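Source: prediction; values computed, not measured. The chains referred to below are lettered A, B, ... by the order of the sequence lines, with proteins before strands, and numbering in each begins at 1. We use all heavy atoms of the structure for the numbers below, so side chains are in, but hydrogens, waters and symmetry mates are not.
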Amino acid sequence: MQPEEEIFKQRKEKLLRLREEEGYDPYRIEKWERTDMLDRIRKEFDHLAPDETDASVHLRSAGRVMTLRKHGKAMFANLQDETDTLQLYFQFDKMGEAEYGFVKKWVDTGDWIGVEGHPFRTQRGELTILVTKCTLLSKALRTMPDKWGGLTDTEVRYRQRYLDLIVHPDVRNVFRKRSAIISSVRKTLEDAGTLEVETPILSVLAGGANARPFKTFHNALGLDMYLRIATELHLKRLVVGMFGRVYEIGRNFRNEGIDTMHNPEFTAMEVYWAYADVEDMMRLTEDIIRNAADAVGGRHVTYQGVELDIESPFRRATMLDLVREKTGIDFAAVSTDDEARAIARARGMEIKGTESRFAIMNAMFEAHVEDTLIQPTFVLGHPTEISPLAKRNPDNQDYTRRFELFICGREVANAFSELNDPLDQRVRFEDQLKKKESGDEEAHVFDEDFINAIETGLPPTGGLGVGIDRLVMFLTDSRSIRDVILFPTMRPKE
RNA sequence: GAGCCGUUAGCUCAGCUGGUAGAGCACCGGACUUUUAAUCCGGGUGUCGUGGGUUCGAUCCCCGCACGGCUCACCA
């Protein structure tokens with residue numbers, strides 16, 4: 001047994017004394033009629049002059065006591081609610097002995113209280129609630145983090161996010177913005193007549209992306225099941241099923257590393273529009289990002305000190321051109337895999353001897369180009385080999401009608417004209433199967449039912465996926481994905 | 001997965017060449033009717049992440065482990 005921490009013990013004993021001596025149990029309170037939030041009070045009574053009280057107004061507010069300054073027969077406190085922090089003034093004369101004495105004796109920092117009173121500005125000019133009545137709504141048995149040192153231990157901030165949120169209004173603000181961004185994405189899509197749908201998170205096949213899934217087991221079915229790594233294959237089935245425009249915003253799960261850009265569960269938006277192509281998806285992507293920026297403070301976006309221009313049409317460049325630009329190698333002129341491997345070896349890349357020229361080009365793109373794409377850039381025309389669900393470019397079958405959007409060197413969106421040729425789709429899956437069999441754990445799974453759906457007829461369709469967490473990161477200037485996920489995945493302590 | 005750094009009171013941190021720990025805030029008791037990092041008086045509440053080793057003696061030196069952060073690799 002660990003010794004009980006002293007402060008917790010004292011607070012707990014105080015609670016027991018409160019129950020015994022006053023017959024008052026703060027945890028029995030169920031409801032408090034709050035009519036006035038603190039930000040509104042601050043705005044509405046801004047006109048009060050120093051030392052002025054508006055006794056005609058009766059306020060009812062509530063919140064958490066963040067600081068307490070006791071002065072004998074008067075007390076000041078700072079009350080924090082979800083909107084703001086406002087000073088409270090308790091006066092012996094105004095409240096009466098019993099009421100004042102109760103507050104002074106029993107209310108501590110961290111406690112939740114409901115207050116009634118009048119708007120008032122102190123001589124020093126601070127807008128304050130002159131409290132006439134105070135109700136203890138709930139007690140805190142644990143102390144708040146340091147009132148000006150704050151909470152800097154990132155581990156505690158992520159593991160005990162509630163503490164982080166209590167003391168850091170700016171952290172709360174990031175998550176308000178996250179919500180506004182997601183609302184904005186929904187609105188953009190719904191204004192375009194797109195239906196929000198929900199597809200399985202738990203399924204027998206986790207397809208639609210290159211990633212290792214989380215595996216679980218369904219007892220009643222006696223079946224291995226997987227958490228989805230993408231929503232793509234289900235959403236396209238719905239386009240087959242006569243929903244012209246569908247989207248889903250939801251969690252994907254990928255059993256991979258954790259770092260500042262990756263969390264094992266992350267939020268993605270995928271949208272599919274019948275009769276649309278990759279060009280439409282570029283326009284949609286720009287609309288989604290601009291509208292989301294508008295929703296959280298405008299289009300002047302600065303990320304980690306870099307000004308991002310999201311107002312101008314995003315740059316468009318093919319992967320072939322970008323690789324040529326950065327490495328001097330023109331893969332359009334490389335016609336055999338051997339030739340590509342020789343070039344790669346000459347450049348010091350580790351080559352196993354099985355890589356295709358397309359895989360090598362992609363590796364060079366990742367190594368030499370990605371990091372340089374700071375301003376929003378649509379990278380177009382990925383090789384067919386690495387794009388098993390995208391329509392081929394009719395002018396060159398080795399490449400697809402696809403784009404990825406990069407911002408600050410990071411992929412934010414991925415889109416293509418969807419492959420709707422069921423014969424080709426089968427060939428692509430077979431190719432993925434070969435990769436899987438030769439040890440590529442992240443190769444796509446073969447989904448026979450999906451092919452069946454495509455065989456039933458998928459109209460020409462444009463599809464887009466957006467990494468919502470990353471979008472939120474850019475629009476809130478957050479350095480780590482963990483700063484935009486309320487409860488990021490953490491290894492259990494001990 | 002690799003490298004580097006960190007882990008001391010509820011919070012933020014200090015702790016010298018090895019001699020069993022300290023500050024501010026918080027907390028507890030008291031004073032105080034306009035404070036706002038309130039002030040004044042009194043009180044230290046800690047298995048110094050964990051397990052070993054070296055040593056007469058370890059928060060400190062050495063090794064392992066755990067957790068976290070950063071960088072790199074892979075992935076969105």
Between A:Thr128 and A:Gly72, whichever has its closest RNA chain B nucleotide further toward 5' is A:Gly72
Listed nucleotide nearest any side-chain atom of [X], set [options]:
{"X": "A:Arg124", "options": "B:U35, B:G68, B:U34", "answer": "B:U35"}
{"X": "A:His71", "options": "B:G68, B:G10, B:U33", "answer": "B:U33"}
{"X": "A:Thr122", "options": "B:U36, B:C32, B:C27", "answer": "B:U36"}
{"X": "A:Lys104", "options": "B:C32, B:U36, B:G69", "answer": "B:C32"}
{"X": "A:Pro145", "options": "B:C11, B:U33, B:A26", "answer": "B:C11"}
{"X": "A:Asp153", "options": "B:C28, B:U12, B:U34", "answer": "B:U12"}

Has the side chain of [X] got a donor or acceptor that lies under 3.5 Å from a partner of the other kind on the base of [N]?
{"X": "A:Asp146", "N": "B:G24", "result": "yes"}
{"X": "A:Thr67", "N": "B:U36", "result": "no"}
{"X": "A:Asp259", "N": "B:C74", "result": "yes"}

Each nucleotide in nucleotides 1-7 of chain B should get exactly one letter: B, S or -. Can you fill that in based on protein heavy atoms under 4.0 Å? -------
Validation: residues 401-409 of chain A side-chain donor-acceptor distances under 3.5 Å, sequence neighbours left out:
from     : atom 1 : to       : atom 2 : distance (Å)
A:Arg402 : NE     : A:Asn414 : OD1    : 3.0
A:Arg402 : NH1    : A:Ile386 : O      : 3.2
A:Arg402 : NH1    : A:Ser387 : OG     : 2.8
A:Arg402 : NH2    : A:Glu404 : OE2    : 3.4
A:Arg402 : NH2    : A:Asn414 : OD1    : 3.3
A:Glu404 : OE1    : A:His382 : NE2    : 2.8

Six-ring centre of A:Phe8, A:Arg142 cation under 6.0 angstrom, axis tolerance 45°: yes
Among residues at least two apart in sequence or on other chains, which ones pass side chain to side chain contact (heavy atoms under 4.5 Å, CB included) with A:Tyr162? A:Gln160
State whether a side-chain donor-acceptor pair under 3.5 Å links A:Thr231 with A:Glu248.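 No.
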Looking across every strand, which nucleic acid part, if any, lies under 4.0 Å from A:Arg121 by heavy atom: base, sugar-phosphate, or nothing? nothing
Distance between the C1' atoms of B:A58 and B:G51, in whole angstroms?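 Those two atoms are separated by 15 Å.
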